[in-house]
Amino acid sequence: MRINWGYIKLVVLFAVVVFLFAFATIRNGERQITEPSIKFVGENNLFLTNETVSKLLIQNYGALKNVPKETLVLDELEKALKSNPMVKNAEVYVSVNATLNAEIEQKTPIARVSTNASYYIDDEGSFMPLSKNYSARVPLVTGYVEKNNLKNVYKIARKIKEDEFLKKHVFEIHQERDKKLYLRLRKCDFLVQLGDEKFLDKKINNLKAFYKKNQKDNTLNSYSKVNLQFENQVICTKI
């Protein structure tokens with residue numbers, strides 16, 4: 001009987017490859033996680049600290065150091081991080097050397113509500129708590145504001161963030177109970193009456209034109225109120 005050595009070699013080689021793969025998989029699964037590596041991505045990384053994130057992971061999952069790699073459920077860790085109201089997005093993964101990595105994007109505040117409660121409004125119009133680590137320099141929101149109804153205030157706060165003139169000059173947004181909006185400008189005594197959020201771009205352009213002309217004439221502080229609530233008019237009340 002003729003022996004097919006080529007076939008036998010192929011079977012042996014295949015068996016060795018399977019054994020090595022299984023061995024490597026088992027050893028890799030048994031590797032223990034080292035101290036989590038936390039990285040903050042994006043521009044806003046001042047509100048949460050590494051310590052805060054580590055505590056959040058431990059509170060929701062238990063001690064992570066020296067935990068076998070294969071016992072980790074990364075989706076649960078990501079959910080734990082995303083449950084923090086300061087976190088916009090989170091990604092958790094384990095590297096080849098068994099290091100647990102967490103990449104966290106923090107929310108971006110665009111206004112700070114200061115009524116009966118104090119909190120931020122983020123760039124998606126959602127609630128964001130204040131931080132003990134850092135205070136953002138954003139416009140203050142006063143008046144009648146409901147945490148579950150931030151639409152009007154968010155719209156003007158977003159406009160301020162995107163507009164260089166408004167970002168430079170507006171320091172306060174005020175909302176009345178009827179949702180009418182008002183602005184306060186730095187180094188100006190007058191109150192800007194916006195009314196509702198309709199025709200907002202037109203109203204802002206009217207404000208810029210008024211400001212530029214009166215700044216040139218050095219008459220900005222001659223007014224107590226600038227009414228912009230009518231689309232094509234600027235009604236000024238002198239002191």
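Numbering of residues begins at 1 and proceeds along the displayed sequence. Quick note: numbers below take in every heavy atom, side chains included, and nothing from hydrogens, waters or symmetry partners.
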Side chain proximity check, [X] to [Y], heavy atoms < 4.5 angstrom:
X	Y	value
I173	I160	yes
F210	C236	yes
I110	D122	no
V234	L228	yes
E124	T108	no
E172	Y182	no
K151	N149	yes
I104	V53	yes

Has the side chain of [X] got a donor or acceptor atom that lies under 3.5 Å from a matching backbone atom of [Y]?
X	Y	result
R158	D123	yes
E105	A90	no
Y211	L220	no
D217	T219	no
K203	G195	no
E78	V92	yes
N227	Q229	yes

So how far is it from [X] [atom1] to [Y] [atom2], rounded to the nearest 0.5 Å?
X	Y	atom1	atom2	answer
Q215	K187	CD	NZ	10.0 Å
I156	D196	CD1	CG	11.5 Å
L207	L166	CG	CG	7.0 Å
K238	F190	NZ	CZ	13.5 Å
E103	L81	CD	CG	11.5 Å
N133	M86	CG	CE	7.5 Å

In this structure, would [X] and [Y] fall into the same cluster of hydrophobic residues linked by side-chain contacts under 4.5 Å?
X	Y	result
V170	L150	yes
Y134	Y119	no
V226	F165	yes
V141	Y154	yes
V153	L200	yes

How far apart are the C-alpha atoms of R112 and S135, what are their side-chain angles, what is the distance that settles it, and do they pass the side-chain contact (heavy atoms from CB on, under 4.5 Å) test? CA-CA 10 Å; R112 176 173 176 165; S135 294; 4.1 Å; yes
What I want to check is whether the side chains of Y223 and N214 have a donor and an acceptor closer together than 3.5 Å.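 Side chains of Y223 and N214: pair found under 3.5 Å.
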Please name the pair of heavy atoms, one in [X] and one in [Y], separated by the smallest distance, quoted to 0.1 Å.
X	Y	value
Y144	R177	CE1-NH1, 3.3 Å
S224	I239	N-CG1, 3.8 Å
K107	V87	CE-O, 3.7 Å
H174	G143	CE1-CA, 3.4 Å
A136	F47	CB-CZ, 4.0 Å
N50	I38	O-CD1, 3.5 Å

Only counting residues at least two apart or in another chain, list the ones meeting salt bridge (charged side-chain N to carboxylate O under 4.0 Å, His left out) with K147.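 Partners of K147 by the salt bridge (charged side-chain N to carboxylate O under 4.0 Å, His left out) criterion come out as none, since no residue qualifies.
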Listed partners of K159 passing salt bridge (charged side-chain N to carboxylate O under 4.0 Å, His left out), at least two apart: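 Here the qualifying residues are D201.
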Co-members of the apolar cluster containing I235 [side chain, <4.5 Å]: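 Besides I235, the cluster holds F230.
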Is any side-chain N of the basic residue among [X] and [Y] closer than 4.0 Å to the acidic one's carboxylate O?
X	Y	result
D163	K167	no
D189	R184	no
K168	E164	no
K179	E146	yes

Audit row: D75, K79, salt bridge (Lys or Arg N to Asp or Glu O under 4.0 Å) steps and yes/no: CA-CA 6 Å; D75 285 346; K79 287 178 182 178; over 6 Å; no
Just checking K208: does its NZ atom have more than 12 heavy atoms from other residues, nucleotides or ligands closer to it than 6.0 angstrom?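 Counting other residues, nucleotides and ligands, NZ of K208 exceeds 12 neighbours.
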Y120 vs L130, side-chain contact (heavy atoms from CB on, under 4.5 Å): CA-CA, chis, key distance, verdict: CA-CA 6 Å; Y120 292 120; L130 301 184; 3.7 Å; yes
